[in-house]
Protein chains: 2
Amino acid sequence: MAAARDGEGTRRKILGAAEELFAERGFDGTTIREVAERSGLSGPLILFHFQTKEGLYEAVKDDIVRRWQANLDGSPLPKGGAGAFVDVMIEAAFAFYRDNPTMVRIANWGRLAGDDAPWGGEEEIHRWYRTSLVEAQRRKEIRDDISPLAITALISGAVHVWWEFRGHMEEHVRQGSYEPLSDDAYLDQITAVIRRGLAPLGGEKEKEA
Amino acid sequence: MAAARDGEGTRRKILGAAEELFAERGFDGTTIREVAERSGLSGPLILFHFQTKEGLYEAVKDDIVRRWQANLDGSPLPKGGAGAFVDVMIEAAFAFYRDNPTMVRIANWGRLAGDDAPWGGEEEIHRWYRTSLVEAQRRKEIRDDISPLAITALISGAVHVWWEFRGHMEEHVRQGSYEPLSDDAYLDQITAVIRRGLAPLGGEKEKEA
DNA sequence: GTCTATACTTAGATAGAC
DNA sequence: GTCTATCTAAGTATAGAC
């Protein structure tokens, strides 16, 4: 179906196939021929729409960011200071990795290749992190001797490793180095550790398991 | 120098150039011609010694593991239970990433490409982690409601992100999303948070900054 | 807009002289 | 062991008919 003369539909078919392949194999590992096969279209048609392989790659990233931002618009960032902002932050990061695997993988490939530029909209998220954390520190909801950057890195890292080292960690579990652990249990446990580690100093207000 | 007939020296020159390039650009992004240029040798000579590009890649990984294990033999794993095993673990992971950047990068490229197999000697490290953590839990030095896998992932993640998202995070700092933070300060801060987050429940023995 | 045919380039790998 | 010359396959990209 749609075998002829449907520019927009064709573009979307190509973008879909290319996104999968770039996520799986990276830029260098993906060929236009493979994108052509997976989308059921011809190579030249892909280049007609996107000019070059680079152009296709940029279009894929733009498309991902566009969809992601359209999604964000529906659910604005919660105001920091709901009391347990750190919990919100961990949960948000955890859900983001779970729900946007191709975006994360393409970003990972890009970062390894030396592309350190933030993706569209990322700055907004980080300013939200920083502002909310500083605010929580000001209110003495979390200790104020840990920099917001360290908190963000700690949380991002814990989440990143869980989703991106998944297969690798499963190998270690298979070899008996660790007991298996469910996604939910992991989320609960790192939340408990980080929240307690960030509790205000001096106060006896640590309670949760 | 060594322009003719020095098999072992040639092998090492090739391996050195190839390790750099595979770390920078990954397997697909590296060409034998580039390895030839960087090592000052010819392409066919590389294939004479390693048969195929795949063979070269495997030889590079083997060589890295060999050097790394030779290094480990000099300093055996500390026995868990020096009191603050978690601190030791964080420091060890932090130093590992800092001191083995090409190994880490090649492993990252490989993992993205779907290679989840543990590298030689890795199992030993993870069994050390697990055993020491379980032991620390048994002695009530750290809380026992957090699984060793979660602790390992939390620590690995915090360290991984710090070294592997470095350029990316610097972009965020440059954009004003965060204040700069030194390596040492980051290490101190995540150690403080994780150690406190893992302190035994119920006890009032949290003290450090 | 879409395809087939094809040009051009570069990749991995081999042949064979030295 | 090492090189030059070269092969073949595969890659990106273009030409031109429909």
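Lettering of chains follows the sequences in order, A, B, ..., and the numbering in each one begins at 1.
Partners of B:Leu47 under the side-chain contact (heavy atoms from CB on, under 4.5 Å) rule, at least two apart in sequence or in another chain, are B:Ile32. With sequence neighbours excluded, the residues that form a ring-ring contact (aromatic ring centres under 6.0 Å, His included) with B:Tyr178 are A:His126. A search for salt bridge (charged side-chain N to carboxylate O under 4.0 Å, His left out) contacts involving B:Arg66 returns B:Asp63, not counting sequence neighbours. Under the side-chain contact (heavy atoms from CB on, under 4.5 Å) criterion, A:Glu124 pairs with A:Leu77, sequence neighbours left out. Partners of A:Glu164 according to the side-chain contact (heavy atoms from CB on, under 4.5 Å) rule, which considers only residues two or more places apart in sequence or in another chain, are A:Tyr97, A:Val104, A:Arg105, A:Asn108, A:His160. With sequence neighbours excluded, no residue forms a ring-ring contact (aromatic ring centres under 6.0 Å, His included) with A:Phe48.
With respect to B:Phe50, the side chain to side chain contact (heavy atoms under 4.5 Å, CB included) criterion is satisfied by exactly one of B:Leu45, B:Val35, B:Val60, B:Leu56: B:Leu56.
In this entry the distance linking CG of A:Leu41 with C1' of C:dT4 reads 15 Å, nearest Å. When the C1' atom of C:dA11 is taken as reference, atom CG of B:Leu47 falls 11 Å away, rounded to whole Å. Atom CD1 of A:Ile46 is separated from atom P of D:dT12 by 10 Å (rounded to the nearest Å). Rounded to an integer number of Å, the gap from CG of A:Leu45 to P of C:dA5 is 16 Å. As rounded to whole Å, 16 Å separates atom C1' of D:dT4 from atom CZ of B:Phe48. Per the geometry, CG belonging to B:Asp6 stands 10 Å off C1' belonging to D:dG1, to the nearest Å.
A heavy atom lying under 4.0 Å from DNA chain D marks the following residues of residues 50-64 of chain A, by number: A:Thr52, A:Lys53. The stretch residues 19-33 of chain B touches DNA chain C through B:Thr30, B:Thr31, B:Ile32, B:Arg33, each having a heavy atom under 4.0 angstrom from the strand.
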Might you list the N or O atoms of the protein lying below 3.5 Å from N or O atoms in nucleotides 16-18 of chain C, with each pair's distance?
none

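Each end of the helix from C:dG1-D:dC18 to C:dC18-D:dG1 gets its own axis from five base pairs, and the two axes differ in direction by 0°, given to 10 degrees.
Remark: A:His168 NE2 to B:Arg111 CZ distance equals 6.0 Å, nearest 0.5 Å. Interatomic distance, B:Met103 CE to B:Arg67 CZ, rounded to the nearest 0.5 Å: 9.0 Å.
A salt bridge links A:Asp183 to A:Arg166: at least one charged side-chain nitrogen sits closer than 4.0 Å to a carboxylate oxygen.
Listed by first and then second residue, the salt bridge (Lys or Arg N to Asp or Glu O under 4.0 Å) pairs that reach into residues 35-52 of chain A are A:Glu20-A:Arg38, A:Glu24-A:Arg38, sequence neighbours excluded. Residue pairs satisfying the side-chain hydrogen bond (donor to acceptor under 3.5 Å, both in side chains) criterion with at least one member in residues 47-61 of chain B, sequence neighbours excluded, are listed as follows: B:Lys61-B:Asp115.
A residue-by-residue look at B:Gly43 and B:Glu8 shows that B:Glu8 has its nearest nucleotide of DNA chain D further toward the 5' end.
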